[in-house]
Structure formats: structure tokens, C-alpha cells
Amino acid sequence: MNARRLRAVHERLLGHHGPQHWWPGDTPFEIMVGAVLTQNTAWRNVERAIANLIAARAMSARRIVGLPHARLARLLRPAGYFNVKARRLRHFCEWLIARGGVVALGAVDTPALRHDLLGVHGVGPETADDILLYALRRPVFVIDAYTRRLFSRLGLIKGDESYEDLRAGFEAALGADVPLYNEYHALIVRHAKDVCRPRPRCAACCLRRACPGRRKPGRA
DNA sequence: TACCAGGAGAAAA
DNA sequence: TTTTCTCATGGT
């Protein structure tokens, strides 16, 4: 991983899209819930499910654990996979309660906390790292499908590296920097949605000649 | 109509 | 161990 090129990509993304101010969520717990619900799901639909939880006065670990499965699944329905996500969110909330809540997690070092999170049913590497970075402000770089797509098109990665290899590579190249990781991942998602689309699979996309971020002002 | 969206776990090979 | 399948709603 080339640190200079990684930083150059970040600068260009930031210059084009501006600060993204992630993660959308009012509290660390709400961010955690969003991280579970957004698995393979458009954020617009996650927002509806979160709004349902808030409207039902269920945006707390204890409230969620106390809901019957059918009731919780119904609230999560707009986010898709509602039966799966109801179970996953319940498992996560049970874990959080057992660990003493969000504040108590502050006493645990990042590697131990990450390992613990990965043991929760329904929490994989990306969800764990979303939680660590955005809810708990730990220096963990989030790798997702957008990251693979963007950086493989740029030729900076092959694209088939393991999650852990990519995460370690980004972290080693960029150094432990929570604000940078936060903004960088948010910019990757923003760019992937707006510019670096799945189709056309254009090699000229993504910060190459065709990227709007490289065009001079005034050009279409 | 087909594809895609801020994955993860289970089952099959 | 690696690959494939399943979960599901909503927007484009």
C-alpha cells in the first residue's frame, strides 16, 4: 500500500466532495444499530427502520432485547432481511448489556474489543469496524465493497485481498488517525455512490481522467 | 425487468 | 478450506 498515493486520493476526494460528517446518528448506540442494519442494504431503508425504533421508544439495548421477535422484525422491516437483522440486533444488544453498556466499552483496548465484537453473532469485520470507528472512535479503517471497487479500479489493490490484509495495509500506510479514517471511508462511499458506479465498469472512472473530481471547473 | 444497496452466517462442494 | 446460497425491502 502506497501511503503517498493513498493520501493523494483522500485529498482529491475531499476536494471534490467536501467533508461528509459521518456517521449519521444521534448517539453511539444509534450508530451501532445503524451499522448492523445497513448490512447489504441502502441507507435510506435503514433510516426508516431506525425511525421506527425511535417512534416505538425502542432505541436502547434493553428495550430492543425486551421486544418480542415478531415486533422487532416488524419495526426493522423497511431495512430488509428483517428476520435476520432482528436476531442479529438482539444478539448485539445482549452482548452490549453483558459488557456494561457503551460507556464501559471505553475501558477495553481496541484489539480486545474488536476480537470480542467479532464473536457476536451477526457482527462481521465490516460491522465491527463501523462500530469501532464511528461509534467508539477507535483507529480502525473500514473496508467495504466500495473500498475494494474504488481502489482496485485505481490499480492500488488487486481486489481479492482478505479483509484483514486490506485493513492492515490501509492502517499501516495512513497511521492511526481516527478523523482521517472517518472521513476517508465516508468519502469512498460517497464517491462510489455518485461517481464510481458498479456499471459501467469503466476503467477510466474513479479519479482517473473521467472523474468529475479531476475535471476543470465549467466542464460538463 | 433486472440490478443494486455502507454483509454475514450457513450449507455445500 | 473455499465457494455458493440465503436472507428481503425499496429505489432506479
Side-chain angles (χ1 to χ4, degrees), chain A residues 10 13 17 19-26 28 30-53 69-95 114-138 140-153 157-167 170 178 180-202 205-206:
Chain A
H10 172 257
L13 289 173
H17 297 290
Q20 300 300 299
H21 305 295
W22 267 28
W23 177 297
D26 292 336
E30 191 175 317
I31 292 171
M32 293 171 176
V33 171
V36 173
L37 297 185
T38 198
Q39 292 170 0
N40 206 33
T41 299
W43 182 253
R44 186 192 307 267
N45 297 335
V46 175
E47 286 180 319
R48 293 192 175 99
I50 288 176
N52 285 347
L53 287 171
H69 173 84
R71 167 74 167 144
L72 180 56
R74 193 158 57 245
L75 294 172
L76 303 184
R77 187 178 180 86
Y81 306 118
F82 48 84
N83 283 311
V84 171
K85 288 179 179 176
R87 285 194 295 272
R88 290 178 181 177
L89 190 55
R90 182 183 307 281
H91 281 120
F92 173 75
C93 289
E94 288 171 346
W95 172 86
R114 186 170 191 272
H115 183 268
D116 199 12
L117 266 171
L118 289 172
V120 180
H121 180 96
V123 176
E126 185 183 335
T127 304
D129 293 344
D130 278 337
I131 290 170
L132 288 167
L133 177 62
Y134 290 104
L136 302 174
R137 303 186 186 285
R138 303 299 181 97
V140 177
F141 199 91
V142 177
I143 305 296
D144 61 2
Y146 290 151
T147 308
R148 288 182 188 276
R149 189 166 79 210
L150 175 57
F151 286 93
S152 62
R153 286 183 184 178
I157 65 172
K158 290 190 297 180
D160 61 351
E161 296 90 341
S162 74
Y163 185 99
E164 296 304 327
D165 284 348
L166 284 178
R167 183 179 66 83
F170 275 88
V178 171
L180 175 63
Y181 291 3
N182 180 319
E183 193 59 59
Y184 208 154
H185 179 244
L187 284 164
I188 290 168
V189 174
R190 172 67 184 276
H191 191 75
K193 284 180 173 177
D194 292 357
V195 182
C196 187
R197 306 286 298 169
R199 293 182 189 183
R201 305 186 71 80
C202 176
C205 178
C206 304

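Every chain is numbered from 1, with letters handed out A, B, ... down the list of sequences. Keep in mind the model is a prediction, meaning the values are calculated, not measured.
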Could you give me the CA-CA distance, side-chain angles and deciding distance for A:Leu72 and A:Phe82, then say whether side-chain contact (heavy atoms from CB on, under 4.5 Å) is met? CA-CA 8 Å; A:Leu72 180 56; A:Phe82 48 84; over 6 Å; no
Does the side chain of A:Thr38 get closer than 4.0 angstrom to OP1 or OP2 of B:dG7 through an N or O atom?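 No, A:Thr38 has no side-chain N/O under 4.0 Å of OP1/OP2 on B:dG7.
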Do any N or O atoms of the protein come closer than 3.5 Å to N or O atoms of nucleotides 8-12 of chain C, and which pairs are they?
| unit_1 | atom_1 | unit_2 | atom_2 | d |
| --- | --- | --- | --- | --- |
| C:dA8 | OP1 | A:Tyr81 | O | 3.3 |
| C:dA8 | OP1 | A:Phe82 | N | 3.3 |
| C:dA8 | OP1 | A:Asn83 | N | 2.7 |
| C:dA8 | OP1 | A:Val84 | N | 3.0 |
| C:dA8 | OP2 | A:Asn83 | ND2 | 3.4 |
| C:dA8 | O4' | A:Tyr81 | N | 2.9 |
| C:dA8 | N6 | A:Tyr81 | OH | 2.1 |
| C:dA8 | N1 | A:Tyr81 | OH | 3.0 |
| C:dT9 | OP1 | A:Arg77 | NH2 | 3.2 |
| C:dG10 | O4' | A:Asn45 | OD1 | 3.4 |
| C:dG10 | O4' | A:Asn45 | ND2 | 3.3 |
| C:dG11 | OP1 | A:Arg48 | NH2 | 2.7 |

Run the side-chain contact (heavy atoms from CB on, under 4.5 Å) check on A:Leu76 and A:Asn52 step by step: do they pass? CA-CA 7 Å; A:Leu76 303 184; A:Asn52 285 347; over 6 Å; no
Rounded to the Å, how far apart are A:Leu117 CG and B:dA8 C1'? 14 Å
Just jot down the side-chain hydrogen bond (donor to acceptor under 3.5 Å, both in side chains) partners of A:Asp194, sequence neighbours excluded, or say none.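 In terms of side-chain hydrogen bond (donor to acceptor under 3.5 Å, both in side chains), with neighbours along the sequence ignored, A:Asp194 is linked to A:Arg190.
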I'd like a table of atom pairs between the protein and nucleotides 10-13 of chain B - only N or O on both sides, under 3.5 Å - with the distance next to each one.
none

Which part of the nucleic acid does A:Val36 contact within heavy-atom distance under 4.0 Å: base, sugar-phosphate only, or nothing?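 No contact at all - A:Val36 keeps every heavy atom at 4.0 Å or more from the nucleic acid.
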Assign A:Val123 to base, sugar-phosphate, or nothing according to its heavy-atom contacts below 4.0 angstrom with the strands shown.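 Contact class for A:Val123: sugar-phosphate only.
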Test of understanding: with salt bridge (charged side-chain N to carboxylate O under 4.0 Å, His left out), list the residues that count as partners of A:Asp165, not counting sequence neighbours.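 A:Asp165 satisfies salt bridge (charged side-chain N to carboxylate O under 4.0 Å, His left out) with no residue once adjacent residues are dropped.
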Contacts of A:Arg114 that satisfy salt bridge (charged side-chain N to carboxylate O under 4.0 Å, His left out) - sequence neighbours left out: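 Only A:Asp129, A:Glu164 meet the salt bridge (charged side-chain N to carboxylate O under 4.0 Å, His left out) criterion with A:Arg114.
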Could you tell me which residues satisfy ring-ring contact (aromatic ring centres under 6.0 Å, His included) with A:Trp22, sequence neighbours excluded, listed by chain and number?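 Applying ring-ring contact (aromatic ring centres under 6.0 Å, His included) to A:Trp22 gives A:Tyr134, A:His185.
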Using 30° and 60° as the class limits, which term best fits the ring planes of A:His17 and A:His191: parallel, tilted or perpendicular?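 If you compare the ring of A:His17 with that of A:His191, the planes turn out perpendicular.
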Nearest heavy atom decides the nucleotide; on that basis, is A:Gly124 or A:Ala192 closer to the 5' end of DNA chain B?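 Here A:Ala192 is the residue nearer the 5' end.
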